[in-house]
Amino acid sequence: MRKFGLFVLACVAVLGLHGADLLKNGDFSKGADGGMPEGWHFSRSGSADGEMTRGGDGLKIVNRSKKAANVFLSLNQVFQAQPGVDYTLLVTARGEGALGVALGEGWKTRFGLTAAPEAQTFEFRFKLKDEQIKGGRAVLVLISEAPTAGLEITQIAVEESAARNLLANGSFDRGAPGKTPAGWTYDNHNKADASLTWQDGYVVLNNKTPRTSNVYGRLSQEPEYKAGVTYEFTGRIKGKSAKPLGVAIGHGWVTRFALNPTADWQDFRYTFTLKDEQVKGGRAPFVILTEDVGEDICLDDLVIREVK
């Protein structure tokens, strides 16, 4: 996560930042543990018995109510919105139980998700009509209508779809110390002596294994792509005495780039287009590989956007 001065932040606020999250405190990091996250408003409907509070790595939902009409817990926030604009809703959840999300006046735009023990990110696209927006603002409501002993939401975001970053948490500003950043998975293949740490809004990769066939550390996720469309991949990198870092995109890992770490942060930019066979079900792997010895390779501000 790149740090900016106050003057730059002021300029961003005036000019607008495409792809920025329209919600406040969407990672639920602000607020007292066991209390209400800042910027959100909680209510119970009917005889609902339960809580939606800040705890762990995000928002913890406990619902002791039996499922019944008009009996639910809800947490809401309003955000700036315009009718007819394409928006993307991203929700990262884990645990057990179901959650509903309603948007706009009348709660007519609705989505549902069911959590699993491992964290996963759900993605939904939507547009709002004139009557769903008041004064340039629309409501987003998280709804728990069924019993759950522990459903956790670690991140929720609403972004304009046109300019959004296809990588979830590409700035590495969401996560918990000692764990893989939210939205990403990490593993060592064939007993590679490699590691990932998350600190201060960026990731640090290390690898003590000399280059050996099919032995590597792997940081990955599976974004949404369209075949035949040109994308731009940008970010920042630095590292100590490190060999190039590999990036593979698409099924088959045919599209590849090499990132060369230097002692100081440097920006990089690549463009690519995937073929039909590289995309399955509208998604394709994005993989960062440490395939050789490298010390303290730092990555930040990773972005993939469609080139217009």
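By convention here, the first residue in the shown sequence is residue 1.
- Across all their heavy atoms, Pro181 and Asn169 have their closest contact at CB-ND2, 3.8 Å.
- For the residue pair Ala284 and Leu274, the shortest heavy atom distance occurs at CB-CD1, 4.2 Å.
- Thr185 and Gln221 are not linked by any side-chain donor-acceptor pair at a separation below 3.5 angstrom, with hydrogens and angles left out of the test.
- Heavy-atom minimum distance, Phe286 versus Ile304: CD1-CD1, 3.7 Å.
- Linking ILVMFWY side-chain heavy atoms closer than 4.5 Å, directly or via other members, places Phe79 and Phe28 in a single hydrophobic cluster.
- Looking at every heavy atom in both residues, Val254 comes nearest to Gln278 through CB-NE2, 3.9 Å.
- Glu123 is listed as a side-chain neighbour of Thr88, based on a closest heavy-atom distance under 4.5 Å.
- Counting heavy atoms from C-beta on, the side chains of Val91 and Leu113 come closer than 4.5 Å.
- Looking at heavy atoms from C-beta onward, Asp173 lies out of side-chain contact with Tyr202 at the 4.5 angstrom threshold.
- Residues satisfying the salt bridge (Lys or Arg N to Asp or Glu O under 4.0 Å) criterion with Lys240, sequence neighbours excluded, are Asp296.
- The salt bridge (Lys or Arg N to Asp or Glu O under 4.0 Å) contacts involving residues 268-279 comprise Glu232-Arg269, where partners must be two or more places apart or lie in separate chains.
- Checked against salt bridge (Lys or Arg N to Asp or Glu O under 4.0 Å), Lys243 has the following partners two or more places apart in sequence or in another chain: Asp292.
- Partners of Asp187 according to the salt bridge (Lys or Arg N to Asp or Glu O under 4.0 Å) rule, which considers only residues two or more places apart in sequence or in another chain, are Arg218.
- Salt-bridge check for Asp86 with Lys127: passed, with a basic side-chain N closer than 4.0 Å to an acidic carboxylate O.
- We find the CZ-CG distance between Arg236 and Asp267 to be 6.5 Å, quoted to the nearest 0.5 Å.
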Assess the residue pair Leu259 and Val247 against the criterion (side chain to side chain contact (heavy atoms under 4.5 Å, CB included)); give the C-alpha distance rounded to whole Å, side-chain angles, the decisive distance to 0.1 Å, and a yes or no.
CA-CA 7 Å; Leu259 306 180; Val247 176; 3.6 Å; yes

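- In the hydrophobic clustering of this structure, Leu302 groups with Tyr270; members are Ile, Leu, Val, Met, Phe, Trp, Tyr whose side-chain heavy atoms approach within less than 4.5 Å, directly or through other members.
- When side chains are defined from C-beta on, Leu142 counts as touching Leu59, because their heavy atoms get closer than 4.5 Å.
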List the steps, then state whether side chain to side chain contact (heavy atoms under 4.5 Å, CB included) holds for Thr109 with Leu128.
CA-CA 8 Å; Thr109 299; Leu128 298 176; 3.8 Å; yes

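- Taking 4.5 Å as the limit, some side-chain heavy atom of Trp265 sits within range of a side-chain heavy atom of Asp300.
- Connection of Ile297 to Val287 is not established within any shared hydrophobic cluster, with ILVMFWY side chains joined at heavy-atom distances below 4.5 Å, either directly or through further cluster members.
- Following chains of ILVMFWY side-chain contacts shorter than 4.5 Å, one can reach Leu151 starting from Val101, so the two form part of one hydrophobic cluster.
- Using a 4.0 Å cut-off between charged side-chain N and carboxylate O, Glu222 and Arg283 make no salt bridge.
- In this structure, the side chain of Asn207 engages the main chain of Thr290 through a donor-acceptor pair within 3.5 Å.
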Side chain to side chain contact (heavy atoms under 4.5 Å, CB included), that's the test. Do Val293 and Thr209 meet it? Break it down for me.
CA-CA 6 Å; Val293 175; Thr209 306; over 6 Å; no

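- In the hydrophobic cluster analysis, where Ile, Leu, Val, Met, Phe, Trp and Tyr join through side-chain heavy atoms closer than 4.5 angstrom, Ile153 is grouped together with Leu75.
- Inter-residue side-chain proximity for Ile143 and Leu99 is flagged as unmet; no heavy-atom pair is nearer than 4.5 Å.
- When atom types are taken as modelled, the side chain of Asn63 and the backbone of Thr148 share no donor-acceptor pair closer than 3.5 angstrom.
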Evaluate side chain to side chain donor-acceptor pair (under 3.5 Å) for Thr92 paired with Thr154, printing each intermediate quantity in order.
CA-CA 6 Å; Thr92 301; Thr154 58; 4.6 Å; no

Check the pair Asp264, Thr262 against side chain to side chain donor-acceptor pair (under 3.5 Å), reporting the backbone distance first and the verdict last.
CA-CA 5 Å; Asp264 297 317; Thr262 57; over 6 Å; no

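- The salt bridge (Lys or Arg N to Asp or Glu O under 4.0 Å) analysis of residues 190-199, with sequence neighbours excluded, yields no pairs.
- Counting heavy atoms from C-beta on, the side chains of Leu140 and Leu89 come closer than 4.5 Å.
- Taking Phe126 as the reference, Tyr87 meet the ring-ring contact (aromatic ring centres under 6.0 Å, His included) condition, with sequence neighbours excluded.
- Under the rule for a salt bridge (Lys or Arg N to Asp or Glu O under 4.0 Å), the partners of Asp33 that lie at least two apart in sequence or sit in another chain are Arg54.
- Judged as a ring-ring contact (aromatic ring centres under 6.0 Å, His included), and not counting sequence neighbours, Trp198 has no contacts.
- Contact annotation: the side chain of Ile237 approaches that of Phe268 to within less than 4.5 Å [non-hydrogen atoms, C-beta and beyond].
- Residue pairs meeting the salt bridge (Lys or Arg N to Asp or Glu O under 4.0 Å) criterion with at least one partner in residues 136-150, sequence neighbours excluded, are absent.
- In summary, Asp57 and Arg174 do not engage in a salt bridge, as defined by a charged side-chain N under 4.0 Å from a carboxylate O.
- Smallest separation of non-hydrogen atoms from Arg110 and Ala102: CG-CB, 4.1 Å.
- The closest donor-acceptor contact from the side chain of Asn25 to the backbone of Glu38 lies under 3.5 Å.
- For residues 62-77, every residue pair satisfying the salt bridge (Lys or Arg N to Asp or Glu O under 4.0 Å) rule, not counting sequence neighbours, is listed here: Asp49-Arg64, Glu51-Arg64.
- Under a 4.0 Å N-O distance rule, the pair Lys226/Glu306 qualifies as a salt bridge.
- The side chain to side chain donor-acceptor pair (under 3.5 Å) analysis of residues 72-84, with sequence neighbours excluded, yields the pairs Ser43-Ser74.
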Show your working on side chain to side chain contact (heavy atoms under 4.5 Å, CB included) between His189 and Val215 and close with a plain yes or no.
CA-CA 6 Å; His189 193 67; Val215 178; over 6 Å; no

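- Taking every heavy atom of both residues into account, Leu299 and Leu205 meet most closely at CD1-CD1, 4.0 Å.
- Using bins of under 30°, 30° to 60° and over 60° for the plane-to-plane angle, the ring pair Phe257/Phe233 lands in the tilted bin.
- For Tyr231, the ring-ring contact (aromatic ring centres under 6.0 Å, His included) partners two or more places apart in sequence, or in a different chain, are Tyr225, Phe272.
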